[in-house]
Structures are given as structure tokens and as C-alpha cells.
Amino acid sequence: MTPLTAGNTRVKEARKLHRRPERSGRRCFLADGPKAVEGALAAGVVIEVFATPDAAAQHADLLGGAPVTLVDERALGGLSDSVNPAGLVAVCRFLDAALPERPGLLTICADVRDPGNAGNVIRTTDAAGGDAVVLAGDAVDAYNPKTVRASVGSLFHLPVVVERDPAAAVRAAQAAGLTVLAADGGGEVDLFAADELLARPTAWLFGNEAWGLPEELAALADHRVRIPILGRAESLNLATAASVCLYASARARMGA
């Protein structure tokens, strides 16, 4: 089979999925690279995999009976969001995740707009044994190619739920029996002295990268927790702060 070129209609239609309105309208998105494609195949949401001939041969075991379409390097580069494409990009159906009935550890991201941050929080929540991530308010699209890539496959087996109202996400977590902890630099609770609190079923609430949590939203949390800053840095970025908090919860839960 002769590889398709960048001008092919199927390739051009797939390339449109870089745009959020196109993803929302067609309820499809792109998964870029072997890890993401592997996760998408395991989740059963792959419609088509575009692959260069070399990548198809290299990942033959992974692709198995998947619907593979060969494309040339230029076509693949137009589909990939990576600076150094790995030769595989899958078109996938939306996952339509819902909150688990009895979550023990949940992450709520309110107005988090950076796709790399969102993807890293999804990955860290997964690594820390969390049950789901909620992208609330004016948050980045969960299916943004950079979010999908930064999650390194976690998006496909960790529920990622969209909730337009951050307050509703907090109330839903509390209704599910979770203690909601707002990550707040001025919080009354020191993370290093909070093991008893962290051992409970918990939802962490994180705010926007630039301005944090609005006061009215932070006030809905059960506690406000600060990460001690021991050096001269003013603060931690969102993805790092989430990692510190989630692993503190994981450690406390293991010792509970």
C-alpha cells in the first residue's frame, strides 16, 4: 500500500481534530505516540491509526489487528503535536467518563487552562492511586493533543470528568463522602502536619495557574492546606504542587 500524503482527504480531516470545536462536534480526538495509542487501543476507542511504514513495522505487536493507515512522514508530522513525532497517531472516540461511586482520592482542577499542566495532573493522580480527575469551570479541553500526550496514557484508564461549575464539583465530592482540601498558599493547615486529615477519603482542589482559587470557591472546601516553602522560591507551579499534595495523600493512606 502506498502511504497517504498530507494532501489526502482522510489525513486532512484527521488534522482538523487539532481544533477544539472540531473535536467537540465530531466527538473524536487524536492520540499521539506509542504510549497514547496503546492506551487508546486498550480502552477500545480507536477508530483509525495513522502510521509511517517504519513505525508500523516497529510497533507491529502493539498494533495487532488495529485499523492502520500508512502515511508518509510529512502527513504524520501534520497529525502529530510532538516536535519529534514517534510515527503513530490514532483517531479516537470520546471516553465519556463518570465519577466512580465510592472514590477515595479525587483531583478537582478549577479553571486550569494549560494543557501540559492538566495532562501532568492526570498522570500524577493516576500514579498516586487516585480514582478520577475533574476538569471544572473554564478548563482546558481534556482531549487537547498536548493534554493527551502529557497524560502519557493515563487519560485512557483514569476517569477524567468535565464539570462546567467548579462549585458543583466540590459539592458532588462532599456528597460522595470526601473531605475537600483546597491547595492554598495561605491555608491554615500545614501539609507536613496533616497525615490524619490526608488519610481520609479526600478530594484535592487546585486553581488556575496564574491566580489560584477564587475566594468563594476556596471557602466551600472543608480545609485549606498550604505546602511549606522552605527556601526562597515564592511558590510551586500547579503540576508540582499537585504532585506534592497527591503523594502526601498516598503516603498517609498507605499508613492509615
Side-chain angles (χ1 to χ4, degrees), residues 23 27 29 31 35-36 39-40 42-45 92-144 146-183 197-208 213 217-218 220-223 225 238-239 241-254 256:
R23 292 194 295 273
R27 292 184 55 76
F29 67 103
K35 284 291 185 184
V45 295
C92 308
R93 294 184 294 276
F94 276 17
L95 291 149
D96 294 326
L99 280 180
E101 289 187 10
R102 298 176 63 86
L105 181 60
L106 178 68
T107 304
I108 303 171
C109 294
D111 299 327
V112 171
R113 297 179 182 177
D114 181 83
N117 272 332
N120 274 295
V121 170
I122 292 167
R123 182 183 183 186
T124 301
T125 302
D126 184 17
D131 299 296
V133 172
V134 179
L135 296 180
D138 188 17
V140 66
D141 178 10
Y143 302 116
N144 180 294
K146 288 184 173 64
T147 303
V148 177
R149 181 156 51 86
S151 81
V152 195
S154 290
L155 175 73
F156 295 103
H157 54 260
L158 182 77
V160 178
V161 181
V162 176
E163 170 56 68
R164 293 302 303 170
D165 182 1
V170 171
R171 289 192 291 267
Q174 291 166 328
L178 301 176
T179 298
V180 176
L181 305 179
L197 184 62
L198 297 176
R200 303 175 188 174
T202 296
W204 277 102
L205 174 62
F206 300 101
N208 177 270
L213 288 166
L217 183 60
L220 297 177
D222 297 294
H223 301 278
V225 181
L238 171 63
S243 297
V244 171
C245 293
L246 287 162
Y247 269 94
S249 286
R251 182 178 59 81
R253 294 172 74 200
M254 290 173 67

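- Sorted by first and then second residue, the pairs that involve residues 93-128 and meet ring pair (Phe, Tyr, Trp, His ring centres under 6.0 Å), not counting sequence neighbours, are Phe94-Tyr143.
- Contact check for Arg27 versus Asp96: side-chain heavy atoms found under the 4.5 Å cut-off.
- Rounding to the nearest 0.5 Å gives a distance of 5.0 Å between CG of Leu246 and CZ of Phe206.
- For Asn144, the side chain to side chain donor-acceptor pair (under 3.5 Å) criterion is met by no residue, not counting sequence neighbours.
- Residues passing the side chain to side chain contact (heavy atoms under 4.5 Å, CB included) test with Ser243 are Thr124, sequence neighbours excluded.
- Under the salt bridge (charged side-chain N to carboxylate O under 4.0 Å, His left out) criterion, Lys146 pairs with Asp81, not counting sequence neighbours.
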Side-chain atoms of residues 152-169: list all donor-acceptor pairs with protein atoms under 3.5 Å, sequence neighbours left out, distances to 0.1 Å.
| unit_1 | atom_1 | unit_2 | atom_2 | d |
| --- | --- | --- | --- | --- |
| Ser154 | OG | Asp126 | OD2 | 2.6 |
| Ser154 | OG | Ser151 | O | 3.4 |
| His157 | NE2 | Asp126 | OD2 | 2.7 |
| Glu163 | OE2 | Asp165 | N | 2.9 |
| Arg164 | NH1 | Gly137 | O | 3.1 |
| Asp165 | OD1 | Ala167 | N | 3.0 |

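- A search for side chain to side chain donor-acceptor pair (under 3.5 Å) contacts involving Ser249 returns Trp204, not counting sequence neighbours.
- Ala172 is linked by a side chain to side chain contact (heavy atoms under 4.5 Å, CB included) to nothing, counting only residues two or more places apart in sequence or in another chain.
- Arg23 is linked by a side chain to side chain donor-acceptor pair (under 3.5 Å) to Asp141, counting only residues two or more places apart in sequence or in another chain.
- For the pair Val134/Leu99, a side-chain contact is recorded, criterion being any heavy-atom separation below 4.5 Å from C-beta on.
- Between Leu198 and Leu181, some side-chain heavy-atom pair lies under the 4.5 Å cut-off.
- Tyr247 approaches Ala127 most closely through the heavy-atom pair OH-CB, 3.2 Å.
- Considering all non-hydrogen atoms of both residues, Ala239 and Asn120 come closest at CB-CB, 4.0 Å.
- Note that the CG atom of Leu135 and the CD1 atom of Ile122 stand 5.5 Å from one another [nearest 0.5 Å].
- Here CZ of Arg171 is found 6.5 Å from CG of Leu220. Values are rounded to the nearest 0.5 Å.
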Only pairs under 3.5 Å count here: list side-chain donor-acceptor contacts from residues 102-116, not counting sequence neighbours, and write none if there are none.
| unit_1 | atom_1 | unit_2 | atom_2 | d |
| --- | --- | --- | --- | --- |
| Thr107 | OG1 | Thr125 | OG1 | 2.9 |
| Asp111 | OD1 | Asp138 | N | 2.7 |
| Arg113 | NE | Asp138 | OD2 | 3.4 |
| Arg113 | NH2 | Asp138 | OD2 | 2.8 |
| Asp114 | OD2 | Gly116 | N | 3.0 |
| Asp114 | OD2 | Asn117 | N | 2.8 |

